[in-house]
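Only one structure is covered here, and it is reproduced in the block below.
Both ligands and their constituent atoms are indexed starting at 1 by order of listing.
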Amino acid sequence: MADQAFVTLATHDGYARGAMVLGKSLRNHHTSRKLVALIGPQVSDTCQSVLKRIFDEVKVVDVLDSGDATHLDMMKRPDLGVTFTKLHCWTLTQFSKCVFMDADTLVLSNVDELFEREELSAAPDPGWPDCFNSGVFVFRPSLETHGKLLQHCTEHGSFDGGDQGVLNGFFSDWATADISKHLPFIYNLSSIAIYTYLPAFKQFGGNAKVVHFLGKTKPWSYTFDPKSKRITGEAHEAASQPTFLLDWWTLYSSAVVPMLQEQHGDQPFQSGCVEFQYCDTVPIESEEIPEASCSSPAQVETPLSSEQRKQKWEQGQADYMGTDSFDNIKSKLDTFLK
Ligand code: UDP
Ligand code: GLC
Ligand code: MN
């Protein structure tokens with residue numbers, strides 16, 4: 001067991017939050033395997049410290065970028081070139097077998113049985129089921145395979161500009177060779193299944209073991225009010241399945257935010273949990289896609305120090321929608337007056 005691990009990747013703080021929630025969810029479901037996070041040098045000290053509390057190993061790796069704008073444009077995800085960094089996971093040769101999980105996945109029950117599978121096991125991609133989705137896969141670390149994968153990148157590139165294109169090119173017989181390498185969809189239930197096949201989702205979604213918040217809008221792109229348990233986001237962003245999204249936010253706000261706050265010290269800290277929302281955001285409570293619109297998208301921003309905030313204020317760049325909103329200022333004044 002000590003030579004098997006779950007592995008994830010985060011090149012910056014947004015995905016690092018996802019990784020923290022994923023790690024916590026694996027721990028809560030009592031995995032007996034090690035937890036490893038590969039991170040980029042850009043991940044802040046605060047996030048690195050919290051990751052170290054959740055994961056057995058946190059390894060800083062070089063960020064690899066495909067730089068393939070043409071293919072990434074087709075997916076409307078220019079940010080995914082850096083998913084080439086995922087290929088580093090084959091260098092973890094201290095382990096005999098691993099399960100890679102995207103930082104935007106959440107474990108809903110123990111999934112240690114995945115280690116009974118062989119390389120390369122994965123679930124079908126919901127967009128093209130003869131390809132596997134590379135958000136969850138079983139692999140065997142090997143420097144030889146790592147070298148061959150890099151060579152494959154050089155010679156053939158990636159048909160989607162990201163790791164999934166390379167991996168499907170390399171493990172090209174996945175669709176036909178061995179059905180035991182097809183993971184059931186419940187090990188990588190992507191939220192888009194709700195829109196593409198709702199009856200199946202209603203029939204089988206309750207058995208989901210891993211939910212994958214695939215797509216541009218991630219759980220941490222929304223904001224959350226822990227008191228009312230309401231999630232708010234930009235209206236045109238089709239919400240991922242709201243109950244799963246709520247699971248993510250419940251775990252993040254209860255178990256991860258306190259650790260982030262502790263590591264962050266006294267500086268202002270933006271967790272994504274809001275008390276005051278000074279814009280017309282739409283609560284996401286049902287399976288319907290909300291209609292109204294929000295003028296300011298919910299964003300994860302690098303927290304500013306109070307000195308930086310003061311400077312911005314003096315330069316006339318107050319954050320009227322966020323920290324410097326009327327409600328926040330009024331509540332601060334109220335506190336002083338009391
Ligand atoms: N990732 C990362 N930084 C980035 C983009 C992606 O660390 O800027 C990692 C992260 O683990 C993420 C995975 O690569 O979960 C794949 O990207 P994403 O989940 O956004 O792709 P999707 O599943 O939405 O296609
Ligand atoms: C996908 C996968 C993701 C991968 C990306 C780029 O949709 O969900 O894990 O990184 O494509 O290839
Ligand atoms: Mn993903």
Identity and distance of the protein heavy atom lying nearest [atom]:
| atom | answer |
| --- | --- |
| atom 17 (O) of ligand 1 | Leu80 CD2, 3.5 Å |
| atom 3 (C) of ligand 2 | Asp102 OD2, 3.6 Å |
| atom 7 (O) of ligand 1 | Thr11 N, 2.8 Å |
| atom 4 (C) of ligand 2 | Asp163 OD1, 3.1 Å |
| atom 16 (C) of ligand 1 | Asp102 OD2, 3.3 Å |
| atom 15 (O) of ligand 1 | Ala103 N, 3.1 Å |
| atom 14 (O) of ligand 1 | Thr83 CG2, 3.6 Å |
| atom 7 (O) of ligand 2 | Gln164 OE1, 3.8 Å |
| atom 11 (O) of ligand 1 | Leu9 O, 2.6 Å |
| atom 8 (O) of ligand 2 | Asn133 ND2, 3.1 Å |
| atom 19 (O) of ligand 1 | Asp104 OD2, 2.8 Å |

- Message: If you measure every N or O of Tyr15 against every N or O of ligand 1, does any of those distances drop under 3.5 Å?
- Response: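 Such a contact does occur with ligand 1.
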- Message: Pairs of nitrogen or oxygen atoms closer than 3.5 Å, one from Thr8 and one from ligand 1: do any exist?
- Response: no
Any [X] heavy atom less than 4.0 Å from ligand 1:
| X | value |
| --- | --- |
| Gly215 | yes |
| His212 | yes |
| Met75 | no |

- Item | Sub-6.0 Å ring centroid separation between Phe55 and Phe6 | no
- Query: Do Tyr197 and Gln203 have side-chain N/O donor and acceptor atoms under 3.5 Å apart?
  - Reply: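 On atom types as modelled, these side chains do not qualify, holding no pair under 3.5 Å.
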- Query: Going by atom types alone, do His264 and Thr46 pair a side-chain donor with an acceptor below 3.5 Å?
  - Reply: yes
Could you measure the distance from the [atom1] atom of [X] to the [atom2] atom of [Y]? Nearest 0.5 Å is fine.
| X | Y | atom1 | atom2 | answer |
| --- | --- | --- | --- | --- |
| Asp65 | Asp79 | CG | CG | 10.0 Å |
| Leu167 | Lys86 | CG | NZ | 7.0 Å |
| Phe171 | Glu119 | CZ | CD | 4.0 Å |
| Leu189 | Phe204 | CG | CZ | 12.0 Å |
| Leu22 | Leu251 | CG | CG | 10.0 Å |

Which of the ligand 2 atoms, numbered from 1, are nearer than 4.0 Å to a heavy atom of [X]:
| X | value |
| --- | --- |
| Gly162 | 6 (C), 12 (O) |
| Ser134 | 2 (C), 3 (C), 4 (C), 9 (O) |
| Thr83 | 6 (C), 10 (O) |
| Leu214 | 8 (O) |
| Gly135 | 9 (O) |

Ligand 1 versus [X], non-hydrogen atoms closer than 4.0 Å: side chain, backbone, both, neither?
| X | result |
| --- | --- |
| Lys216 | neither |
| Asp163 | neither |
| Arg77 | side chain |

Under a 4.0 angstrom heavy-atom cut-off, which atoms of ligand 1 come close to [X]?
| X | answer |
| --- | --- |
| Val82 | 3 (N), 4 (C), 5 (C), 8 (O) |
| Ala10 | 7 (O) |
| His12 | 8 (O) |

- List the steps and the verdict of salt bridge (charged side-chain N to carboxylate O under 4.0 Å, His left out) for Asp56 and Arg33. CA-CA 10 Å; Asp56 295 293; Arg33 287 359 189 242; over 6 Å; no
- Query: Are Gln94 and Lys34 close enough, and set up right, to give a side-chain contact (heavy atoms from CB on, under 4.5 Å), and what steps lead you there?
  - Reply: CA-CA 11 Å; Gln94 66 272 42; Lys34 297 271 188 231; over 6 Å; no
- Message: Yes or no: does His212 have any heavy atom under 4.0 Å from an atom of ligand 2?
- Response: yes
- Query: Step by step, would you call Ser190 with Phe185 a side-chain contact (heavy atoms from CB on, under 4.5 Å)?
  - Reply: CA-CA 8 Å; Ser190 39; Phe185 197 58; 3.8 Å; yes
- For His212, what is the atom name of its N, O or S atom nearest to the Mn ion (ligand 3)?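 His212's closest N, O or S atom to the Mn ion (ligand 3) is named NE2.
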- Have a look at Asp102 and say which of its N, O or S atoms is nearest the Mn ion (ligand 3).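 When I compare the N, O and S atoms of Asp102, OD2 is nearest to the Mn ion (ligand 3).
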- Message: Keeping Lys97 on the side-chain end and Arg117 on the backbone end, is there a donor-acceptor pair under 3.5 Å?
- Response: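 Indeed, once roles are kept as given, a pair shorter than 3.5 Å links the two residues.
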- Look at the side chain of Asn133 and the backbone N and O of Ala123, then say whether any donor-acceptor pair between them is shorter than 3.5 Å.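 No, Asn133 side chain to Ala123 backbone: no donor-acceptor pair under 3.5 Å.
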- Taking it one step at a time, do Asp102 and His212 satisfy side chain to side chain donor-acceptor pair (under 3.5 Å)? CA-CA 8 Å; Asp102 267 9; His212 184 180; 3.3 Å; yes
- Message: Pairs of nitrogen or oxygen atoms closer than 3.5 Å, one from Asp125 and one from ligand 2: do any exist?
- Response: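 Such a contact does not occur with ligand 2.
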- Proximity to ligand 2 by part of Arg77, non-hydrogen separation under 4.0 Å: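 No part of Arg77 is near ligand 2 at this cut-off.
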- Task: Identify which of Gln164, Lys218, Met101, Gln42 has a heavy atom lying nearest to atom 22 (P) of ligand 1.
- Result: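 Of the listed residues, Lys218 has the closest heavy atom.
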